[in-house]
Amino acid sequence: MITDDTIIAQASAQGNAQRGIVRLSGERVLEAVAPFFFRRTVEEQIPPHNLVERAVTASDVLENDAKPSVIPGWFAPWGDERPTRLVRCSLFYWPQGRGFTGERAVELHVPGAPPILDAIVRAVCEKKPARLANPGEFTLRAFLSGRIDLTQAEAVLGAIDAESDVELQNALTQLSGNLSQEFATLREQLFDVLCDLEAGFDFVDEDIEFVSKEEIRNRLIESRDHIEETLKRAKTRIGSDRTPKVVLAGSPNVGKSSLFNIMTELFAGDKGQAIVSNLAGTTRDYLEKELQIAGVKFVLVDSAGVEDVASNVENEAPTPRVLAQDGLAKLFADAAAIVRCLEKDATDPTQEKKIDSLIPSQTPIVRVITKQDETDSVNNDEIATSSLKRKGFEELGAAIVETLQGGMENGEIVPSTAIRCQEALREAKEALDNSLNMLDDLQLRDDFLLASEIRLALDRIGLVTGQVHTDDLLDRIFSKFCIGK
Ligand code: GDP
């Protein structure tokens, strides 16, 4: 991919809008737009009949190209010598090193009609010296010029693809450099250890210890733990399914299906039929439906169908029961949160205990007391619902959202980064584990080998942020972008 020429593309979304944006990046941005650009005074609102001040060269567009500027003007992309068709245009200019791509950049803000935006891109490309940008090329240039690292590039895509407030928030946090900063600190710490170790190489024969073994160990442990923690966060963002699952758990007849129906009616947007899924390894069906509350998306799962086998089939061979329990355990294990449904006074302690034992201990739980038609005498950490009176469901929705967001608090890694960085981080952690083993084992202790493990860890972390990269990797990441981003 050539990256030293000048590129152009529509940067705003397709379709009509009040404003549309065409973006250019590269050394010759001003030259590229000059033939079509006419300066105007800010007061000038209606296109004039006679346009004399046609910009011919870059310096006609802008006298001082050393500082960012906004220039009001008209744009005439339709190729007439004395143009009669003009569109109002604000030209934004950034000199080298100041714009998003790190190169000289121009944005043309014009009325957002597709024919106008198409005409501008076509006209500029025909005249040269700019060409149509490839998908993701603006972001790629930002990366190559060191404006952003790879985790931030992926966050750009995460923000574009965000389907909920939480996803957008996560992407913007990552874009602002949170994750980059963490990795930079990690690399710095490891570099310091490496320098201290290597400084000692010249004095190996003289038995001088520059830094104590204890100190090196502590610093390596700190870095290793940090990587481990990041790895955990990366895992929580992936899961088996992008959308978190919230599973209803409770004895038969406690009111789960009724609750499921009302929740889907209230929060699913459309009133369509819930999806019937078949649980792997059993013949039991269960219902699930995607809901969205306050911008948070999740799949609500009614486990009623699964447990029926366990409770209804009496005196049978144990297989259906075992299968059903297996099924429930699988559903619960896959859940980001459990809505634990209980009925006052009507509960069978043995049954309840069995259900509780199937819920993984780290899974967050929202406790619901069902069938509270008349009363709602519940504890602080419980929510009272009545499907008959349709009460308590807004509270339940809010509690689910709060629980899910609690789980996401530390997970501000966009999924594509999370997937990509897992292997590299695992290898970095392994290298540090090796170096720690060497440090503790007198037989193995060899500072040269130790240093090479630390270098390996540094290299792997560099892969995540992009200090170390291959064309292949860049291709994979940036080909997911659309043109103009
Ligand atoms: P599931 O087996 O846990 O899915 O429970 P269902 O939703 O099928 O409900 C079991 C029974 O309890 C049905 O007869 C429902 O009509 C009844 N039921 C469910 N929710 C309520 C409620 O809020 N109030 C009352 N009075 N009855 C309810």
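Checking side-chain atoms of T363 against main-chain N and O of I359 turns up no donor-acceptor pair under 3.5 Å. Side-chain atoms of E137 come within 3.5 Å of backbone N or O of N134 as a donor-acceptor pair. The backbone N or O of G99 sits less than 3.5 Å from a side-chain atom of R147, completing a donor-acceptor pair. In this structure, S12 contributes its side chain and I21 its backbone to a donor-acceptor pair below 3.5 Å. The main-chain N or O of N379 is found under 3.5 Å from a side-chain atom of E382 such that the two form a donor-acceptor pair. Using modelled atom types, one side-chain atom of S145 and one backbone atom of R141 make a donor-acceptor pair closer than 3.5 Å. The closest donor-acceptor contact from the side chain of K256 to the backbone of S303 lies at 3.5 Å or more, if one exists at all.
Contact check on E430 versus R426 returns no salt bridge, with no Lys/Arg side-chain nitrogen under 4.0 Å from an Asp/Glu carboxylate oxygen. The existence of a salt bridge linking K480 and D161 is excluded, since no basic side-chain nitrogen approaches an acidic carboxylate oxygen closer than 4.0 Å. A salt bridge links D334 with K245: the closest approach of a Lys/Arg side-chain nitrogen to an acidic carboxylate oxygen falls below 4.0 angstrom. Using a 4.0 Å cut-off between charged side-chain N and carboxylate O, K429 and D433 make a salt bridge. Comment: K391 does not engage E374 in a salt bridge, judged by the lack of any side-chain N to carboxylate O separation of less than 4.0 angstrom.
Around atom CD of E423, no more than 12 heavy atoms belonging to other residues, nucleotides or ligands sit under 6.0 Å away. Surrounding CZ of R88 are more than 12 heavy atoms belonging to other residues, nucleotides or ligands, all under 6.0 Å away. Heavy-atom neighbours of D471 CG from other residues, nucleotides or ligands within 6.0 Å: at or below the threshold of 12.
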Next item on the list: Please report the C-alpha distance between D302 and K289 in whole Å, then the side-chain angles of each, then the deciding distance to 0.1 Å, and finally whether the salt bridge (Lys or Arg N to Asp or Glu O under 4.0 Å) criterion is met.
Entry: CA-CA 9 Å; D302 181 8; K289 178 100 191 172; over 6 Å; no
Notebook entry, point to check: When you look at Q372 and V378, which way does the side chain to side chain contact (heavy atoms under 4.5 Å, CB included) test go after all the steps?
Noted result: CA-CA 9 Å; Q372 295 287 293; V378 296; 4.2 Å; yes
Margin query: Assess the residue pair R340 and I355 against the criterion (side chain to side chain contact (heavy atoms under 4.5 Å, CB included)); give the C-alpha distance rounded to whole Å, side-chain angles, the decisive distance to 0.1 Å, and a yes or no.
Written below: CA-CA 9 Å; R340 183 72 174 89; I355 294 172; 3.8 Å; yes
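Of the residues L342, I383, V254, the one that meets the side chain to side chain contact (heavy atoms under 4.5 Å, CB included) test with T370 is V254. Between F183 and the choices N178, D149, T230, the side chain to side chain contact (heavy atoms under 4.5 Å, CB included) rule is met once, by T230.
Among residues two or more places apart in sequence or in another chain, the salt bridge (Lys or Arg N to Asp or Glu O under 4.0 Å) test is passed with K371 by E343. Scored by the ring-ring contact (aromatic ring centres under 6.0 Å, His included) test, F332 finds no partners at all (sequence neighbours excluded). Among residues two or more places apart in sequence or in another chain, the ring-ring contact (aromatic ring centres under 6.0 Å, His included) test is passed with F100 by none. Under the side chain to side chain donor-acceptor pair (under 3.5 Å) criterion, E214 pairs with R217, sequence neighbours left out. F138 is linked by a ring-ring contact (aromatic ring centres under 6.0 Å, His included) to nothing, counting only residues two or more places apart in sequence or in another chain.
A donor-acceptor pair shorter than 3.5 Å cannot be found between the side chains of Q174 and T151. Between the side chains of S387 and S258, no donor-acceptor pair of N or O atoms lies under 3.5 Å.
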Could you list the donor-acceptor pairs under 3.5 angstrom formed between side-chain atoms of residues 184-193 and any protein atom two or more places apart in sequence or on another chain?
unit_1: T185; atom_1: OG1; unit_2: Q181; atom_2: O; d: 2.8
unit_1: R187; atom_1: NH1; unit_2: L458; atom_2: O; d: 3.0
unit_1: Q189; atom_1: OE1; unit_2: S223; atom_2: OG; d: 3.4
unit_1: Q189; atom_1: NE2; unit_2: E222; atom_2: OE2; d: 3.3

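Rounding to the nearest 0.5 Å places CD1 of I221 at 12.0 Å from CD1 of I216. Here the straight-line distance linking atom CD1 of I116 with atom CD of Q10 works out to 11.0 Å at 0.5 Å rounding.
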